Undergrad: 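Following this message is one structure expressed as structure tokens.
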Amino acid sequence: MLACLPIGRFIRLGDVAVKSTNLLWRCAFVRNFVAYADHMFDELPQRDLSSLNSQLSCYLRTGNPNGTLALFLEMYRGSSDLSSHTFTPVLGACALLSYPETGRQVHALMIKEGAETGTISKTALINMYSKQGHLVDSVTVFESVEEKDVVSWNALLSGFLRNGKGKEALGVFSAMYRERVEISEFTLSSVVKTCASLKILQQGKQVHSMVLVTGRDLVVLGTAMISFYSSVGLISEAMKVYVSLNVHTDEVMLNSLISGCIRNRDYKEAFLLMSRQRPNVRVLISSLAGCSDNSDLWIGKQIHCVALRNDFVSDSKLCNGLMDMYGKSGQIVQASTLFESIPSKSVVSWTSMIDAYAVNGDGVKALEIFREMCEEGSGVLPNSVTFLVVLSACAHAGLVEEGKECFSMMKEKYLLVPGTEHYVCFIDILSKAGDIEEIWRLVERMLESNNMNIPCAIWVAVLSACSLNMDVTRGEYVARRLMEEESGPENASIYVLVSNFYAAIGKWDLVEELRGKLKHKGLVKAAGHSSFI
DNA sequence: TTAGGGTTAG
């Protein structure tokens, strides 16, 4: 990987705003940096390397990553004296601000300065890459760590978790056992969260036992356990954890339990718990998310009232939550009124509003808001979630040309790489328009560029398209590929899909064969064993 | 100087 890094292309940070063609970077740079660079450093009493490094991490710790980057820029301009202690907070700031190119450039500079070696520096790189979604780079750095410690392992584990790779995160946990790494409370915390994201009850209970055995950081780990039990629908178990810990003053823990109660529709308990502390913005936002998921307008309105009484409605994140709740409950007028009331609309505000129109069946209005967002005056740029929402709106409303336009705009104007979900959505748009030829051209391009490796979800979308458009030959090809690649009983939905395709084209013998196989697989039970070891 | 618990959009 190191050979691929842009050392030769390293540009002074100060010049990047002019030279980079990356639109996102350019906007972020102009908006955030210039104000800092001019004012902040003359007042520093000492300017030796050690005090400057402390200042860098101080900015980061106090929630001012722009300050970290601005000071680094100043140091880079004024001195060639940089140490590994300089780079770790800078990498943290890059990760926080989502400056992908800057992170790579800092990595390149670390190599140039000889500051890239050592477990701590490399762990900071593992985190930076994983926080920016570059898991492959993160893993490559991890593999290059000569003396891996529990922190570098934990960084790898939480990196997988952060990027939605729960199974891989559990794989890291197993590897830690194999390698006899002494796990820490940080490891357990990430594993609990992984179990929650995968909604795997048995493994989560196993980790709960480990938590009880270690007996460390029970407030933090207890909160993670409360979230876990809430997410698998066992709010009574979450409550037991809360009661057993006998810690009733920790706001984070109480917030977790309250939003868990809302998510599990235990409203009486939620409001009882809420009365134990002064309401705070965070608990209302997470409770609203629960209402959105449950489409529970009545409770959402109650929370809106609590927010009004406590003067929280000036908080734009809370407004986003309210807007989403109203949108998902079909109250488009209320959602729109809230949207208009937000003075500085973020990409989340815009995306929520677009989605509200989309899920209420008004694809045309969703596109109108999207276009408004893309105008220069809006001050925000659409991201990959925005495009997913817009493509989904086009798919549902049958807006084929608009969908095509958005898909190419995403790649060409906003330099965003479409993910699997975007392709699935786009294939759906083309399928509904009957354009199976265009779908196939897309598949062929993906086969060429991805070295024959296309995610299963995309093949599923293509097979649905073949089914809908009665393309028997290509459908059979896709069905064969899917059956070759997918073999576990956990993929029963693939069997059903392929079987439905054969039914649609009248090949009943194959339908029967598949149903037999599915039945057989369903009867095969795995031998009992520990889930992790 | 590195990792963990409760917030908003898919």
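All values derive from a computational prediction rather than experimental measurement.
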Undergrad: Which is true for A/Ser286 with a 4.0 Å heavy-atom rule: it touches a base, it touches only sugar-phosphate, or it touches nothing?
TA: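 Sugar-phosphate, no base atom in range.
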Undergrad: Please state how far atom CD1 in A/Ile126 lies from atom P in B/dG4, giving the value in whole angstrom units.
TA: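 So the two atoms are 13 Å apart, to the nearest Å.
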Undergrad: Among the candidates B/dT2, B/dT8, B/dG5, find the nucleotide nearest to the side-chain atoms of A/Val151.
TA: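 Output: B/dT2.
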Undergrad: How would you list all residue pairs meeting ring pair (Phe, Tyr, Trp, His ring centres under 6.0 Å) that involve residues 265-319 of chain A, not counting sequence neighbours?
TA: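 For residues 265-319 of chain A: A/His304-A/Tyr326.
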Undergrad: Hey, does the side chain of A/Lys122 come within less than 4.0 Å of B/dT2's phosphate (OP1/OP2), counting only N and O?
TA: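 No, no such contact exists.
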Undergrad: If you apply the rule side-chain hydrogen bond (donor to acceptor under 3.5 Å, both in side chains), what do you find for A/Asn255 with A/Gln277, and how did you get there?
TA: CA-CA 10 Å; A/Asn255 285 353; A/Gln277 62 174 6; 3.0 Å; yes
Undergrad: Among B/dT2, B/dG5, B/dG4, find the nucleotide with the atom closest to the side chain of A/Thr223.
TA: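 Per side-chain heavy atoms of A/Thr223, the pick is B/dG5.
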Undergrad: Grab the CG-P distance between A/Leu156 and B/dA3 for me, whole Å please.
TA: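 After rounding, the gap between these two atoms is 14 Å.
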Undergrad: Measure the distance from CD1 on A/Ile226 to P on B/dT7 and round it to the nearest whole Å.
TA: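 Whole-Å distance recorded here is 12 Å.
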Undergrad: Counting side-chain heavy atoms from CB outward, which of B/dG4, B/dT8, B/dG5 is closest to A/Ser190?
TA: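 Shortest atom-to-atom distance from the side chain points to B/dG4.
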Undergrad: If you only use heavy atoms from C-beta on, which nucleotide in B/dA9, B/dG5, B/dA3 is closest to the side chain of A/Ser184?
TA: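 Selected nucleotide (nearest to the side chain): B/dA3.
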Undergrad: Salt bridge between A/Arg104 and A/Asp137, side-chain N to carboxylate O under 4.0 Å?
TA: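 Judged by the 4.0 Å cut-off on N to carboxylate O distance, A/Arg104 and A/Asp137 do form a salt bridge.
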Undergrad: Checking all strands, does A/Asp250 fall into the base, sugar-phosphate, or nothing category for heavy-atom contacts under 4.0 angstrom?
TA: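 Result for A/Asp250 = base.
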Undergrad: May I have the distance from A/Leu254 (atom CG) to B/dG5 (atom P), rounded to whole angstrom?
TA: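 Roughly 18 Å, once rounded to whole Å.
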Undergrad: In whole Å, I'd like the distance from the CG atom of A/Leu221 to the C1' atom of B/dG4.
TA: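 Roughly 8 Å, once rounded to whole Å.
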Undergrad: Side-chain N or O of A/Arg216 versus OP1/OP2 of B/dG5: is the shortest distance under 4.0 Å?
TA: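 No, no such contact exists.
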Undergrad: Which of these nucleotides, B/dT8, B/dG4, B/dG10, is closest to any side-chain atom of A/Val348?
TA: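 Among B/dT8, B/dG4, B/dG10, the one nearest the side chain of A/Val348 is B/dT8.
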Undergrad: Round to a whole Å and report the spacing from CG of A/Asp293 to P of B/dA9.
TA: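 So the CG-P distance, A/Asp293 to B/dA9, works out to 8 Å.
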Undergrad: Over all strands shown, is A/Ser352 touching base, sugar-phosphate only, or nothing at heavy-atom distances under 4.0 angstrom?
TA: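 Answer is sugar-phosphate: A/Ser352 comes under 4.0 Å of backbone atoms only.
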Undergrad: For A/Lys193 and B/dT7, what is the distance between atoms NZ and C1' respectively, to the nearest whole Å?
TA: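 Nearest whole value for this atom pair: 11 Å.
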Undergrad: Between A/Lys365 and A/Glu368, is the closest basic N to carboxylate O distance under 4.0 Å?
TA: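 Counted as a salt bridge, because a side-chain N and a carboxylate O are separated by less than 4.0 Å.
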Undergrad: Is a donor-acceptor pair below 3.5 Å formed from side chain A/Asn154 to base B/dG4, judging by atom type as modelled?
TA: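 Check fails, no donor-acceptor contact within cut-off.
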Undergrad: When we call it a touch if two heavy atoms are under 4.0 Å apart, what does A/Val192 touch: a base, just sugar-phosphate, or nothing?
TA: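 Since no nucleic acid heavy atom lies under 4.0 Å of A/Val192, the category is nothing.
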Undergrad: With sugar-phosphate meaning primed atoms plus P, OP1 and OP2, does A/Asn383 contact a base, only sugar-phosphate, or nothing at under 4.0 Å between heavy atoms?
TA: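 Here A/Asn383 touches the bases of the nucleic acid.
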Undergrad: Which is true for A/Arg61 with a 4.0 Å heavy-atom rule: it touches a base, it touches only sugar-phosphate, or it touches nothing?
TA: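 No contact.
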Undergrad: By the ring pair (Phe, Tyr, Trp, His ring centres under 6.0 Å) test, which pairs, at least two apart or in different chains, include something from residues 341-372 of chain A?
TA: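 Residue pairs passing ring pair (Phe, Tyr, Trp, His ring centres under 6.0 Å), neighbours aside: A/Phe339-A/Trp350, A/Phe370-A/Phe387.
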Undergrad: Take the protein atom CE of A/Met325 and the nucleotide atom P of B/dT8, then report the distance between them rounded to whole Å.
TA: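 One finds 15 Å between P of B/dT8 and CE of A/Met325, rounded.
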